[in-house]
Amino acid sequence: MQSIRNRASGRSARRAAALIAAAASLALIATGCSTGGSGDSASGGAGAAESITFIPKQLNNPYTDVVLGGGKDGAKAAGFTATEVVGPLEASASSQVSFINAETQAGTNVIVIAANDPDAVCPALKEARDGGAKIVAFDSDTSKDCRDVFISQVVAKDVALIQTKLISEQIGGSGEIAILSATANATNQNEWIKYMEEELASNPDYKDIKLVAKVYGDDDDTKSFQEAQGLLQAHPNLKGIISPTTVGIAATARYLSTSEYKGKVALTGLGLPNEMRPFVKDGTVTAFALWDPAQLGYVAAFAGKALADGTITGKEGDTFKAGDLGDREVGADGTVIVGPPTTFDAKNIDDYDF
C-alpha cells in the first residue's frame with residue numbers, strides 16, 4: 001500500500017504525537033502500513049486547501065487500493081498541496097477513531113473517510129469539524145450530522161436491484177440463497193441488503209426465492225472463505241450466494257472453484273474484474289457487477305476541494321466540477337452520485353483493467 005507524504009515536518013510530528021496519545025497500537029499500524037510515500041504534490045493557487053487525508057475502512061484491500069488511486073489523482077488535479085492515506089488494517093467499528101483524532105490535531109483541511117461504523121466515528125469527526133476540517137464521507141457513509149457530503153458509488157437501490165436480478169437469472173428464479181457481506185455495521189452493505197430484502201419480498205418475479213442466511217466475512221479473505229464454506233455446509237439446498245463486497249465475492253469464488261459446488265451454486269455480487277476474471281473464465285461465476293472504484297475517490301477529492309474553498313456547503317442543489325468527470329450536483333441528504341453499476345461477464349470482462 002503506497003501513501004503520499006508531502007508535509008512540513010512540524011505537521012507530521014503533531015500527527016505522530018496525536019497517534020501515540022490516542023492509541024499506541026494503532027499508531028504502530030499507521031507507521032508500519034501507511035508509509036512509503038511517493039511525494040506527489042501540486043500547487044493549489046490562491047484559496048486552495050493545503051491538505052487532504054483519506055481514511056479508508058482498511059488498508060491493503062484491493063478494492064480500496066483502486067479507490068485511493070483515484071483519490072490521489074483527484075487530489076493532485078484539484079490542487080491540494082499535501083495528500084495522505086492513513087487507516088487501520090482491520091475494519092472494526094472503532095478502528096478509525098485514533099486516525100481521525102490525529103488528523104484533527106495535525107490541522108488537516110479535508111478528511112475523506114469510508115466509515116466502518118456510521119456512529120462510532122461521529123464524535124471524532126465532529127471534533128474535526130469544530131477544528132475547521134471539512135468532512136467527506138465516501139463509499140460507506142457516516143451518520144449525516146457528522147459529515148458535509150457523502151460521495152456514493154451509485155444509487156443504493158440500483159446496486160441492490162442489479163444483484164438481485166443477477167442471482168435470480170442464475171438460479172432460474174427459484175431456490176434458497178444467502179448473502180455473504182462485509183462487516184455487520186457497514187452502512188453501504190446494510191443499505192444494499194435492506195433493498196435486496198424488500199425487493200425479494202415485494203417483486204412477484206422473486207416469489208420463489210428464499211433468503212435463508214446472512215453472514216459476515218468482515219472484509220477479511222480468510223474469514224470470508226470460511227463463511228462461504230460454512231454456508232454450504234449449513235444449507236445443503238443452497239442455490240446461490242450474493243456477496244456485495246469485493247473481498248467476499250473473491251474469497252467465495254475461490255472456495256467454489258475447487259469444491260463440489262462449482263457449477264451447482266451460483267455466485268454474484270460486487271467484484272473487481274481483475275480479481276474475478278479467472279473465476280469467470282473457468283465457469284465458477286457467470287456475472288457480477290461493480291462501478292469504477294477510481295471515480296469514487298476522484299470525485300471525493302474534488303468535493304473536498306469545493307468544500308474547503310467555500311464554493312459548496314453540502315446543501316442540496318450545490319454543484320461543483322469534478323475535473324475530467326464533469327459537473328456534479330449535491331442531492332438529498334448531502335449525497336453525490338458517481339455513476340451507474342456495470343455488469344461484467346465473459347463477453348466484456350477483458351475490456352476492463354482494475
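- Of the inter-residue distances, the one linking I167 atom CD1 with F288 atom CZ reads 13.5 Å to the nearest 0.5 angstrom.
- Hydrophobic clustering (ILVMFWY, side-chain heavy atoms < 4.5 Å, transitive): V67 and I337 are in distinct clusters.
- Within the model, atoms CD of E227 and NZ of K214 stand 14.0 Å from one another, a figure rounded to the nearest 0.5 Å.
- For D350 and K281, the salt-bridge test passes: some basic side-chain N is under 4.0 Å from an acidic carboxylate O.
- Residue G317 comes nearest to E329 through the heavy atom pair CA-OE2, 3.7 Å, listed as atom of the first residue, atom of the second, then distance.
- In this structure, L270 is a member of the same hydrophobic cluster as V66, with clusters built from ILVMFWY side-chain heavy atoms closer than 4.5 Å.
- Side-chain contact between T164 and E199: present, with at least one pair of heavy atoms (C-beta onward) separated by less than 4.5 Å.
- One finds the OH atom of Y255 at 11.5 Å from the CD atom of Q226 (value rounded to the nearest 0.5 Å).
- The backbone N or O of E198 sits less than 3.5 Å from a side-chain atom of S202, completing a donor-acceptor pair.
- Using a distance-only test at 3.5 Å, with no hydrogens or angles considered, a donor-acceptor pair links the side chain of Q153 to the main chain of D139.
- A distance-only check finds a donor-acceptor pair linking the side chain of K262 to the backbone of D282 [under 3.5 Å].
- When all heavy atoms of F320 and A306 are compared, the closest pair comes out as CB-CB, 3.8 Å.
- Ion pair K126/D130 not flagged as a salt bridge, since none of the NZ, NE, NH1 or NH2 atoms sits closer than 4.0 Å to an Asp/Glu carboxylate oxygen.
- T252 places no side-chain N or O within 3.5 Å of a backbone atom of A228 that could act as its donor or acceptor partner.
- For E103 and T53, the side-chain atoms include at least one donor-acceptor pair closer than 3.5 Å.
- In terms of heavy atoms, G71 sits closest to A301 at O-CB, 3.7 Å.
- Here K157 contributes atom NZ and I162 contributes atom CD1; the two are 15.0 Å apart, rounded to the nearest 0.5 Å.
- Under the 4.5 Å side-chain heavy-atom criterion for ILVMFWY residues, no single connected hydrophobic cluster contains both V336 and V155.
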Let me see the working for E50 and F80 under side chain to side chain contact (heavy atoms under 4.5 Å, CB included), right down to the final yes or no. CA-CA 5 Å; E50 177 204 0; F80 284 96; over 6 Å; no

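- Put simply, the side chain of S224 gets close to the backbone of D220: a donor and an acceptor are under 3.5 Å apart.
- Between T342 and L290 the shortest side-chain heavy-atom distance does not fall below 4.5 Å.
- Summarising the local packing, CG of D208 is surrounded by more than 12 heavy atoms from other residues, nucleotides or ligands at distances under 6.0 Å.
- The heavy-atom pair separating V97 from A120 by the smallest distance is CG2-O, 3.7 Å.
- A donor-acceptor pair is defined here as one N or O able to donate and one able to accept, closer than 3.5 Å; such a pair exists between the side chain of T268 and the backbone of A287.
- The side-chain heavy atoms of V85 and I55, taken from C-beta on, include no pair separated by under 4.5 Å.
- Across every non-hydrogen atom of T246 and I249, the tightest pair is O-CG2, 3.5 Å.
- Hydrophobic clustering (side-chain heavy atoms under 4.5 Å, transitive across Ile, Leu, Val, Met, Phe, Trp, Tyr) keeps W192 apart from Y216.
- Residues V338 and V154 have side chains not in contact (no heavy-atom distance under 4.5 Å, counting atoms from C-beta outward).
- Taking 4.0 Å as the cut-off between side-chain N and carboxylate O, K165 and D205 do not count as a salt-bridged pair.
- Atom-to-atom distance recorded for Y261:OH and Q229:CD is 9.0 Å, nearest 0.5 angstrom.
- For Y352, the ring-ring contact (aromatic ring centres under 6.0 Å, His included) test picks out F344, with sequence neighbours left out.
- Residues K321 and F302 form no side-chain contact, since every pair of their non-hydrogen atoms from C-beta on lies 4.5 Å or further apart.
- Not a single donor-acceptor pair under 3.5 Å links the side chain of D148 to the backbone N or O of V136.
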I would like to know whether E316 and D318 meet side chain to side chain contact (heavy atoms under 4.5 Å, CB included); could you show each step before the answer? CA-CA 6 Å; E316 186 174 356; D318 279 352; over 6 Å; no

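- The two residues Q163 and G269 have their closest heavy-atom pair at OE1-CA, 3.3 Å.
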Candidate pair L307 and V110, rule side chain to side chain contact (heavy atoms under 4.5 Å, CB included), full reasoning: CA-CA 8 Å; L307 286 165; V110 176; 5.9 Å; no

Enumerate, atom names and distances included, each donor-acceptor pair closer than 3.5 Å involving a side-chain atom of residues 173-183, sequence neighbours excluded.
residue: S181; atom: OG; partner: Q189; partner atom: OE1; Å: 3.0
residue: T183; atom: OG1; partner: A186; partner atom: N; Å: 3.3

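- Side chain of S143 to main chain of D145: no donor-acceptor pair is present (N/O by atom type, distance under 3.5 Å, no hydrogens or angles).
- Using a 4.5 Å heavy-atom cutoff, the side chains of L296 and Y63 are in contact.
- Formation of a donor-acceptor pair under 3.5 Å by the T142 side chain with backbone atoms of P118 is not found in this model.
- Judged purely by distance below 3.5 Å, without hydrogens or angles, the side chains of D141 and T187 never pair a donor atom with an acceptor atom.
- Ion pairing of K264 with E260 is absent here, as no side-chain N (NZ or NE/NH1/NH2) approaches a carboxylate O to less than 4.0 Å.
- Side-chain contact check for R129 versus L125: every heavy-atom pair is 4.5 Å or farther apart.
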What's the verdict on side chain to side chain contact (heavy atoms under 4.5 Å, CB included) for I209 and S168, showing C-alpha distance, side-chain angles and the deciding distance? CA-CA 8 Å; I209 298 176; S168 177; 3.8 Å; yes

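- I52 contributes atom CD1, which lies 10.5 Å from atom NZ of K305 (distance to the nearest 0.5 angstrom).
- Cluster annotation: F225 and V247 are assigned to distinct hydrophobic clusters (Ile/Leu/Val/Met/Phe/Trp/Tyr, side-chain heavy-atom contacts under 4.5 Å, transitive).
- Within the 4.5 Å cutoff, the side chain of N109 has no heavy atoms near those of the K134 side chain.
- Using cut-offs of 30° and 60° for the angle between ring planes, the F138 and F54 rings count as tilted.
- Side-chain atoms of N116 come within 3.5 Å of backbone N or O of K57 as a donor-acceptor pair.
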